[in-house]
Asker: 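Below you'll find the structure I mean.
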Amino acid sequence: MLPRNSRLRRLSQAALSRSQFLQLATGALLPFVGLSPPAAAAKNPELAQNSGAPGTKDAAASGRMGAILVSQFGPVKIHSYLSPLDGFHVNTQIIEGPTALVIFDGQLLLPYAGEVASYVQTLGKSVDRIILSHAHTDHWSGLQVLTERFPDARVFALDGIADQLHARGQARLDSFRPIYGDRIATKVTVPTEIISEGAQRIDGITYDFRRFVDAESDLQLAALLPEQKVLMAFDLVFSPNEHAFTVVDHFDHWMIVLEQLKALQDYDTITIGHDTPVHRSAIDSTITYVKRAREIHAVSADAKTYSESLKAAFPDRQLASMVDFSAKLLYAARR
Ligand SMILES: [Zn+2]
């Protein structure tokens, strides 16, 4: 569901309802072992045409596998590319300022990163930089494509992310390769620039960068855009309509982080790592989810029990297949 934020709804150039948007995102699913779409719908070419930004040369939209939602805030546009389900419904956010583009996150699967790159090229502005939000593979594997297509764009991340990728990136890719074959990156793209915390202006847009530890991941960036009243929360906040990823045992601290986000006042729309933007109320629903997951984790001896109990606790949330994935990693880490 789009947030109640009327500004975002009114100015959204791609006026898709959430269900239309997700239909589009799941409409071109390729067979994928272990994952089934929540409600695979036929692709709708009309929606596909609507999904791009009017006025851009987005002629390839009708064949696009992912979906794009464009939200406008005065002179600033946020283009959200949402991958199909086999790419974990992960977002790449493209912030379009007056003269340049900033890309956040690079997709799991190379074909989807390729779609992002092609869409970015239709916008006709240079890519100032690429910023990686955290070190989970679904957010960086496709940086291989983006750095090839935009060789002048420097890649930024918080201090510590590059070390995590050096240490574990290749093993992560190797673990995905049996499932995805050549759709997963062949090499780890390690950010070369460190993003500093606090406010800075890029292309006239204020970004207040924040660093959070021990939540959905060990280390996570968030960015507050106070002038647009947008919080880019990435995987700190999940949609009330989808299961959250619970791949590490940081439940208690994740809830503390969510309370910290709630205490921030300068935003009413949250862009998230997976699924369409949400209202502030999604923080409370994420807290509810994480709290319940913690309780279930405490009494579940194995991944299967955890997964089944969590799915039973939130029967209406989509991406139930992702709970199995989370449980596997959560319990593998415990051994
Ligand atoms: Zn993620």
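Nothing fancy with the numbering, it's 1 onward along the sequence. Counting starts at 1 for both ligands and their atoms, following the listed order.
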Asker: Does T271 offer a backbone N or O that forms a donor-acceptor pair with the side chain of Q93 under 3.5 Å?
Answerer: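 Absent.
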Asker: For a quick check under 3.5 Å, do D218 and H250 share a side-chain donor-acceptor pair by atom type?
Answerer: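 There is such a pair (donor and acceptor under 3.5 Å, judged by atom type) between the side chains of D218 and H250.
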Asker: Restricting to N, O or S, what is the name of the atom of H274 that lies nearest the Zn ion (ligand 1)?
Answerer: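 Closest to the Zn ion (ligand 1) among those atoms: NE2.
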Asker: Below 2.8 Å, any N, O or S contact between D138 and the Zn ion (ligand 1)?
Answerer: yes
Asker: Is the distance from the Zn ion (ligand 1) to the nearest N/O/S atom of H136 under 2.8 Å?
Answerer: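 False for H136.
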Asker: For the backbone of R172 and the side chain of Q170, can you confirm whether one donor and one acceptor N or O come within less than 3.5 Å of each other?
Answerer: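 The answer is no, because no donor-acceptor pair under 3.5 Å joins these two groups.
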Asker: What N, O or S atom of D235 is found closest to the Zn ion (ligand 1)?
Answerer: OD2
Asker: Decide, counting backbone as well as side-chain atoms, whether H134 has an N, O or S atom less than 2.8 Å from the Zn ion (ligand 1).
Answerer: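 Of the N, O and S atoms in H134, none lies under 2.8 Å from the Zn ion (ligand 1), which means no.
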Asker: How are the rings of Y306 and F251 set to each other: parallel, tilted or perpendicular (split at 30° and 60°)?
Answerer: tilted
Asker: Between the side chains of Q121 and R149, is a donor N or O closer than 3.5 angstrom to an acceptor N or O?
Answerer: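 Side-chain D/A pair, Q121 to R149: present.
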